Amino acid sequence: MSNQTERRVEDLLSRSKLSTNDSASSSNVSMRQSLPSTSSSVVEQPADIDKEKLSSQLRNLQNSRKMTPSARSMQSFREKLPAFNMREGFLKAVAANQVLVISGETGCGKTTQLPQFILEEEIDNLRGADCSIICTQPRRISAISVATRVASERGEELGETVGYQIRLESKRSAQTRLLFCTTGVLLRRLVQEPDLVGVSHLLVDEIHERGMNEDFLIIILRDLLPRRPDLRLVLMSATINAELFSKYFGDAPIMHIPGFTFPVTELFLEDVLEKTRYKIRSECDSSAGSSRKKRFSSVKSDPLSDLFEDIDIDKEYGNFSITTRQSLEAWSADKLDLSLVESTIEYICRYEAEGAILVFLTGWDEISKLLDKIKGNTFLGSSNRFLVLPLHGSMPTVNQREIFDRPPVDMRKIVLATNIAESSITIDDVVYVIDCGKAKETSYDALNKLACLLPSWISKASAHQRRGRAGRVQAGFCYRLYPKVIHDAMPQFQLPEILRTPLQELCLTIKSLQLGAVSSFLAKSPQPPDPLSVKNAIELLKTIGALNDMEELTSLGRHLCTLPLDPNLGKMLLMGSVFQCLDPVLTIAAALAYRNPFVLPIDRKEEADAVKRSFAGDSCSDHIALLKAFVAWKEAKCSGRERSFCWESFLSPMTLKMMDDMRNQFFDLLSDIGFVSKTRGVKAYNQYGSDLEMVCAVLCAGLYPNVVQCKRQGKRTAFYTKDVGKVDIHPSSVNAFVNQFPLPYLVYSEKVKTASIYVRDSTNISDYALLLFGGSLIPSKTGEGIEMLGGYLHFSAPKRTIELIQRLRGELDKLLERKIEEPGLDIFSEGKGVVAAAVELLHSH
DNA sequence: GAGCACTGC
């Protein structure tokens, strides 16, 4: 630090009123209850409405609508669904049992019919005014589409008695009696209203998927039921694990509804090879006589792959041709043979009847390589008879109509997809499914506090779901490119999400719902998470100051509970509002909380990378690139060039729109907890919004303890983190292949192990940013300098500088503490000197 | 020195 900077910082600090006013920060200020004032999720009942009158009105309306011609044709459609025959039995079971488990396969109509049966019954029995039925869905799209379907079956406009509510979007009214919402929306409602007062029936759909929200909801509900004896709970699951949920709810009765789908013929690898005569060539040169096991031993295998490599092919597959047996000998369970996929597609296209083909692959790279192969294929690539479409969550094709549309006659649609086509996107005209049997799956390594994203064998449940994608409109075929013995050894279902992800957000919510000690609450889960994962989450919450040493919520923690965000991102928002750079921080937090707006086009990825880098400029920051892209989008939108801008800049307009809406939601929530005033607007909290040093410092405050040390090694830089040591910058980052960084640290939003351990989005920051906005400062045991992150980071400087930094940091912490205790106080004007001193220091590197 | 499963408040 230069003498000049030091003097200016000292001067600014001494002029600050706050530094002479210690008593204020320690005063026992009464806590503001931080319950949001918005209650949009609660149905507002006119207080003095005559309930009897309303109930009979609802019945008359329902009866009259049944008589219209369109309702009659709807009714005859409904009567064909397998669920229809179960109507009376189902309603009786609901009346007689507090909890009921429904098992049913796709096509049985459980999602659209069961909630509707309850609604009809309640209205018929003149309980329409008192009933409030909620049906949760794991995904936004399904909440909307199911609600739309049910409303039309009832001959109503959406939003009358049937409505939906998802984040930032709802169609409902005071008349709404059946609400489809995402599980996340219901969980947020529970935070405000732990007993779900007014809800008469709750149906939780798709619980077999074992999503984190659904598992969490189920634990809460089991505790809630005794307090709400009048509440009826219906759990809807695929047949595969209905038993587990029944047991969890004290042997609740299970009712099975048969499904209806067209038959799908399945072929396994051995059958496919026999049929197509494709010859698999071994990757490595295997000398005759050497076992396959030996040949692959260098590759780290999984139990399922090992299992196959131990099999004596000639003995096990004696009925198959010699070429098939040779191919099975050469087949590798570890690496997908894309030529096999290609030749299977070609076989179907040459010899089988018409119908779209859906290929399940694991990721971007496989899709891209297979697409190239198909383009180069003499049969598939050289005519206009084939429409080949990549389908990946981050590809620009994901929202294009042609995925769903039927192609012109004489043209066959071939979709190369990831898991997205397993449940999120449904393509009706698929007749052939080709399944590679694997998917990229997250797991959580609690020992190294590391999220992993690695390809692994799917479960039998997933394999079944993928197969079912071929039988939606007619009888279909499923080509499984793995042997039957592997299929038979697959796990029944995937591990629940609660065992595969970091738990900090969940733990914070448990705290805010006052559900007792986090670990004892989570022990009640159908499959409890590893105690070490829970410990890691609690430790992180302590590190960022959301919990104290007693594991109690701090004031900061209480604020974070009200923000529907990862606690780190919530803290980033609060810091952005306190330190006057709210506008950029709203954008960055929205992007990190939702998804990256940059798309990954398959054929122009170099251009896409270049555009992203140009947004970043010389900031060495992916977060700043996001920010600049969003600002440029806003400008383009105002001047009516949104479409061309997004196309040229490789940005997703839908993601940007969602980010924009989320920014508004965050601002409203910050206003609810008193950090900002809605009437004053974002601009009133944005004095340093254009000061990138300050923005990056706030990023540091939010992302801490996600810190990387950059260490020069010759011409290159090596990167290290406390938890796992050496890491790499993800090649998609604007910081990838930067040899020399201007500043010594990076903060990152996500660290994932794939082929290597990668930091995905990062921002280069100075030691001053870390010292002022990072973790708490601890004097070095050696006497010289300061430490952070449990001694992992060490800062040395002259004593005088260290003291000055510590003093400034102390003032900043006090300022923040006061603001958190009393969000409404305008301490910014009071703390001007402290903030100005911090800004001075941040600019001095 | 080379890669990006999918949801949700």
Side-chain angles (χ1 to χ4, degrees), chain A residues 36 41 136-143 165-169 181-192 206 209-217 360-369 391-395 398 417-425 438-443 451-456 458 462 494 497 500-501 505-506 508-509 512 561-566 569-570 590 593-596 598-602 605-606 608-609 612 622 658 661-662 665-666 669 715-719 728-733 736-739 750 752-756 758-761:
Chain A
S41 60
T136 67
Q137 294 294 315
R139 284 169 288 281
R140 294 164 59 89
I141 301 276
S142 42
Q165 184 174 350
I166 58 179
R167 182 182 197 163
L168 303 174
E169 199 183 317
C181 66
T182 44
T183 319
V185 165
L186 184 70
L187 283 170
R188 273 292 140 191
R189 177 166 168 179
L190 270 162
V191 173
Q192 298 164 35
E206 315 280 15
E209 290 182 10
R210 304 303 304 276
M212 168 114 88
N213 283 347
E214 289 71 25
D215 265 19
F216 181 40
L217 179 61
F360 282 103
L361 301 161
T362 62
W364 196 96
D365 208 40
E366 281 181 0
I367 293 175
S368 171
K369 282 182 177 148
L391 176 61
H392 181 289
S394 307
M395 283 178 189
V398 73
T418 61
N419 247 359
I420 197 169
E422 198 176 295
S423 51
S424 300
I425 287 183
K438 289 190 177 180
K440 282 190 186 167
E441 195 182 65
T442 49
S443 52
C452 306
L453 179 63
L454 301 166
S456 68
I458 58 175
S462 285
Q494 196 192 23
E497 193 187 2
R500 297 186 291 112
T501 38
E505 199 183 347
L506 181 68
L508 191 68
T509 312
S512 81
C561 293
T562 68
L563 300 169
L565 273 170
D566 183 84
L569 297 180
Y594 183 54
R595 61 190 299 166
N596 196 322
F598 286 102
V599 291
L600 311 165
I602 214 148
K605 59 178 181 174
E606 285 81 9
D609 278 350
K612 195 168 161 187
D622 293 297
M658 183 71 178
D661 294 342
M662 284 170 70
Q665 183 192 27
F666 294 154
L669 291 168
K715 279 188 178 174
R716 291 214 191 109
T717 306
F719 308 96
D728 291 313
I729 309 289
H730 196 280
S732 67
S733 166
F737 324 122
V738 170
N739 291 323
E750 208 183 6
V752 185
K753 181 183 169 183
T754 54
S756 163
Y758 287 113
V759 165
R760 273 193 181 154
D761 296 309

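What you see is a predicted model, and the numbers here were worked out from it, not measured in a lab. Keep in mind that the numbers below use all heavy atoms, side chains included, and drop hydrogens, waters and symmetry copies. Just so it is clear: chains get the letters A, B, ... in the order the sequence lines come, proteins before strands, and each one is counted from 1.
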Partner residues of A:Glu441 under the salt bridge (Lys or Arg N to Asp or Glu O under 4.0 Å) criterion, sequence neighbours left out: none
A:Leu669 side chain reached by A:Thr562 side chain, heavy atoms, under 4.5 Å: no
Qualifying residues under salt bridge (Lys or Arg N to Asp or Glu O under 4.0 Å), relative to A:Asp566, sequence neighbours excluded: none
Any residue meeting side chain to side chain donor-acceptor pair (under 3.5 Å) with A:Glu422, in chain and number order, not counting sequence neighbours: A:Ser462, A:Arg466
Polar atom pairs between nucleotides 7-9 of chain B and protein, under 3.5 Å, N or O only, would you list them?
{"from": "B:dG8", "atom 1": "OP1", "to": "A:Arg140", "atom 2": "N", "distance (Å)": "2.5"}
{"from": "B:dG8", "atom 1": "N2", "to": "A:Glu505", "atom 2": "OE1", "distance (Å)": "3.3"}
{"from": "B:dC9", "atom 1": "OP1", "to": "A:Arg167", "atom 2": "N", "distance (Å)": "2.8"}
{"from": "B:dC9", "atom 1": "OP1", "to": "A:Thr182", "atom 2": "OG1", "distance (Å)": "3.0"}
{"from": "B:dC9", "atom 1": "OP2", "to": "A:Arg140", "atom 2": "NH1", "distance (Å)": "3.3"}
{"from": "B:dC9", "atom 1": "O2", "to": "A:Arg188", "atom 2": "NE", "distance (Å)": "3.4"}
{"from": "B:dC9", "atom 1": "O2", "to": "A:Arg188", "atom 2": "NH2", "distance (Å)": "3.4"}
{"from": "B:dC9", "atom 1": "N3", "to": "A:Glu505", "atom 2": "OE2", "distance (Å)": "3.0"}
{"from": "B:dC9", "atom 1": "N3", "to": "A:Pro564", "atom 2": "O", "distance (Å)": "3.3"}

Nucleotide B:dC4, atom P - distance to CD1 of A:Ile729 in whole Å: 14 Å
Atom-to-atom span, CD of A:Glu606 to P of B:dC4 - whole angstrom: 16 Å
Nucleotide B:dG3, atom C1' - distance to NZ of A:Lys753 in whole Å: 16 Å
Sugar-phosphate, base or nothing in reach of A:Ser732, heavy atoms under 4.0 Å: base
For A:Arg188, all residues meeting salt bridge (Lys or Arg N to Asp or Glu O under 4.0 Å), sequence neighbours excluded: none
Distance, rounded to the nearest Å, where A:Asp365 contributes CG and B:dA2 contributes P: 13 Å
Sugar-phosphate, base or nothing in reach of A:Thr754, heavy atoms under 4.0 Å: sugar-phosphate
A:Glu750 CD to B:dA5 C1', straight-line distance once rounded to whole Å: 12 Å
Atom-pair distance (CD1 on A:Ile602; P on B:dG3), nearest Å: 16 Å
Base orientation of B:dC6, syn vs anti, 90° cut from 0: anti
Below 4.0 Å: OP1/OP2 of B:dC4 and any side-chain N or O of A:Lys440: yes
For A:Lys605, salt bridge (Lys or Arg N to Asp or Glu O under 4.0 Å) partners two or more places apart: none
5′-ward residue of the pair A:Asn419/A:Asn739 relative to DNA chain B: A:Asn739
Residue pair A:Met658 / A:Arg167, side-chain heavy-atom distance below 4.5 Å: yes
Atom-pair distance (CZ on A:Arg716; C1' on B:dA2), nearest Å: 12 Å
Atom-to-atom span, CD of A:Gln494 to P of B:dA5 - whole angstrom: 15 Å
